[in-house]
Structures are given as C-alpha cells and as structure tokens.
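Treat the numbers as computed from the prediction; the structure is a model and nothing was measured.
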Amino acid sequence: MFATLNSLHQVAAVHPDETTETVLTASDGLASPTSTAVRGNRLYVTNAGFAEPHGAKVQSGTIDPAGVNRVPNW
C-alpha cells in the first residue's frame, strides 16, 4: 500500500509488517500529494499543488511492488 503525506510532500510505502518507508519526496516533483493508485506496475499520484509555483497534476512512475523500488517517470 502507498500513502500520501500531504504537508511533507512525500509518498510512503506501508509494508505488510506495518513498517513504512518514504519512496517519493518533493525532490521527485511532489507538491502536496493527495492520493495514490496502483495499476499493474504503475503508481499514480495526484498532486494538489497547494505550494507555489506548483499546479495540480497527476504524476505516474514505474514501480517494483516486491522491492518497492521506483523509477520515476515524470
């Protein structure tokens, strides 16, 4: 499962043992992320873009769910 941390501009992976790991940050282009969705090996993140100069958008990247490795594609 992936969770957004809006005010921190982060996306975290939540593992089955309930540990968490930050997998995307503002340096990956996040700006107030609000939700995530996974389809196949694609992770989609909606950004509200509250902080200037960012605007609202949807970003996507390829993920390896088994290793929670990501290769951002944005």
* Start with the C-alpha gap between Thr46 and Lys57, add the side-chain angles, then the distance that decides, and say whether side chain to side chain contact (heavy atoms under 4.5 Å, CB included) holds. => CA-CA 6 Å; Thr46 57; Lys57 62 184 169 183; over 6 Å; no
* Between Asn47 and Val58, does a side chain to side chain contact (heavy atoms under 4.5 Å, CB included) hold up when you go through it step by step? -> CA-CA 6 Å; Asn47 279 309; Val58 175; over 6 Å; no
* To do: Apply the test side chain to side chain contact (heavy atoms under 4.5 Å, CB included) to residues Arg39 and Tyr44: give CA-CA distance (whole Å), side-chain angles for both, the deciding distance (0.1 Å), then the verdict.
  => CA-CA 8 Å; Arg39 182 174 185 190; Tyr44 297 88; 4.2 Å; yes
* To do: Just do the side chain to side chain contact (heavy atoms under 4.5 Å, CB included) check on Phe2 and Val38 with the steps written out, would you?
  => CA-CA 8 Å; Phe2 294 92; Val38 175; 3.7 Å; yes
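Contact record, Ser32 with Asn6: O-ND2, 3.5 Å, taken as the closest heavy-atom pair. Taking each heavy atom of Gln10 and Pro33 in turn, the nearest pair found is O-CG, 3.6 Å.
With contacts defined as side-chain heavy-atom distances shorter than 4.5 Å, the pair Leu24/His9 does not qualify.
Partner of Val11 under the side-chain contact (heavy atoms from CB on, under 4.5 Å) criterion, chosen from Thr22, Asp28, Val23, Thr25: Val23.
Between the side chains of Thr4 and Thr36, not a single donor N or O lies within less than 3.5 Å of an accepting N or O.
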